[in-house]
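Just follow the structure's listing: the first ligand is 1, and inside any ligand the first atom is 1.
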Amino acid sequence: MTATLIDGTAIAAKVRAQVATDAAAYFAGTGKKPGLATVLVGDNAGSQSYVKSKRKACAEAGMESFGFELPKTATQEEVESLVARLNADPNVHGILVQLPLPKQVDENKVLLAITPRKDVDAFHPVNVGKLLIGEPDFMPCTPAGIQQLLVRSGNDPDGKHVVVCGRSNIVGKPVAAILVQKAKGANATVTICHTGTKDMAAFTRQADILVVASGRPNTVTADMVKPGVVIIDVGVNRIEDATKKSGFRLVGDVDFDGVKEKAAAITPVPGGVGPMTIAMLLANTAKAAKLAGK
Ligand code: GUN
């Protein structure tokens, strides 16, 4: 078997087209565009590139974006006072503080400072709690994108055994919380594996759907999956590659070449989960504007 590719770029384009329609309707009703404020602290190359892509996508969907940059020496107070200003700004419907933050800044305190109704990342504990009880206003972007990839590629998780590798607050825990709900596009049996798991392969081999978000290349190899598995590879790892102009290439957390002979379907890296994260951020921002009503 050679796996079908789950084309995140194509699926994201459909979501973005829908968001553009919603943004136009919002503009027609209010005379305003949905607005996203991005906050970038420091000069991490990956973060700069993500924020640039997010802002470009906003413009393409007919939404406003407001970019704020603070130096890598920024203090807790400086970051929190910017967030407070954005909380109060009626033209800002969504606030995104790009993570990770420099180590002198307490990430959890910053996330707590964002008002939950503008928290388009859905990282605030209020939104995390609402997600867990099955009543989300916003779902975190990468996990929501994973759910859309599964459903829209014809791999509905309903009744399936989903094994998640990784327990981060950004991906592993929330994707498990989404897919375990008694809801459309969910209703799965979910297992979470992590660095404390003994014999991870014993679990991954039971997966109908495998979501790999471990942050480490080759976490999952061909011997660790059953034939016909559907694999979502969340990893984005830069590997040095002198043949590339940039000096690096991107690989996921899964040994793509090995598993593609056994899997029924798999997301590529790049072009799988990444484009969906941005599409869901736009969707959340349009929804935040709609909830704000003006
Ligand atoms: N860093 C890595 N992923 C994300 C994300 O989805 N949102 C934010 N704000 N920072 C991130």
Side-chain angles (χ1 to χ4, degrees), residues 8 12 15-16 35-58 65-70 72 74 79-80 82-83 86-87 92-103 105-116 118-128 131 136 138-149 164 166-178 211-216 232-238 250 252-253 267 269-270 272-285 287-288:
V15 173
R16 286 165 65 161
L36 174 71
T38 59
V39 178
L40 180 61
V41 187
D43 51 13
N44 179 293
S47 292
Q48 284 172 335
S49 149
Y50 287 134
V51 167
K52 196 172 157 198
S53 305
K54 288 168 182 177
R55 296 196 62 200
K56 181 164 169 271
C58 277
S65 79
F66 310 96
F68 295 87
E69 291 185 17
L70 294 174
K72 62 172 180 272
V79 180
E80 286 190 26
L82 173 57
V83 167
L86 300 173
N87 281 341
V92 170
H93 301 104
I95 301 171
L96 177 132
V97 178
Q98 185 67 30
L99 304 179
L101 292 170
K103 55 184 178 312
V105 181
D106 182 332
E107 218 157 82
N108 285 334
K109 279 175 77 179
V110 172
L111 297 180
L112 259 181
I114 299 172
T115 184
K118 295 190 180 186
D119 172 33
V120 286
D121 262 326
F123 292 162
H124 189 288
V126 164
N127 287 323
V128 176
L131 180 72
F138 306 111
M139 294 207 281
C141 305
T142 301
I146 292 169
Q147 183 185 35
Q148 289 301 312
L149 281 176
V164 178
R167 59 177 154 186
S168 71
N169 290 337
I170 294 184
V171 184
K173 280 188 257 182
V175 80
I178 290 171
V211 178
V212 189
S214 57
R216 192 171 52 88
I232 304 292
D233 188 349
V234 189
V236 186
N237 303 291
R238 286 185 174 195
L250 293 180
D253 293 346
T267 56
V269 177
V273 174
M276 291 303 291
T277 298
I278 296 183
M280 302 319 290
L281 173 68
L282 300 181
N284 280 349
T285 304
K287 187 171 185 197

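- Under the 4.0 angstrom criterion for non-hydrogen atoms, Tyr50 is not in contact with ligand 1.
- Here's the thing with Leu96: none of its N/O atoms is less than 3.5 angstrom from an N/O atom of ligand 1.
- Residues Leu101 and Leu99 are in side-chain contact: their nearest non-hydrogen atoms beyond the backbone lie under 4.5 Å apart.
- Which of Leu101, Leu99, Val171 comes nearest to atom 1 (N) of ligand 1 through a heavy atom is settled by distance: it is Leu99.
- The shortest side-chain heavy-atom distance between Thr38 and Leu36 falls under the 4.5 Å cut-off.
- Checked by distance only, ligand 1 and Asp121 come closer than 3.5 Å through their nitrogen or oxygen atoms.
- With Asp119 as the partner, the side chain to side chain contact (heavy atoms under 4.5 Å, CB included) test is satisfied by one option alone out of Asn127, Asn87, Val126, Asn284: Asn127.
- Annotation: side chain of Val236 is in contact with side chain of Tyr50 (closest heavy-atom distance under 4.5 Å).
- Scanning the protein heavy atoms around atom 11 (C) of ligand 1, the nearest turns out to be Gln98 NE2, 3.4 Å.
- Here is the list of ligand 1 atoms found below 4.0 Å of a heavy atom in Val97: 8 (C), 9 (N).
- Contact record, Val41 with Ala74: CG1-CB, 4.0 Å, taken as the closest heavy-atom pair.
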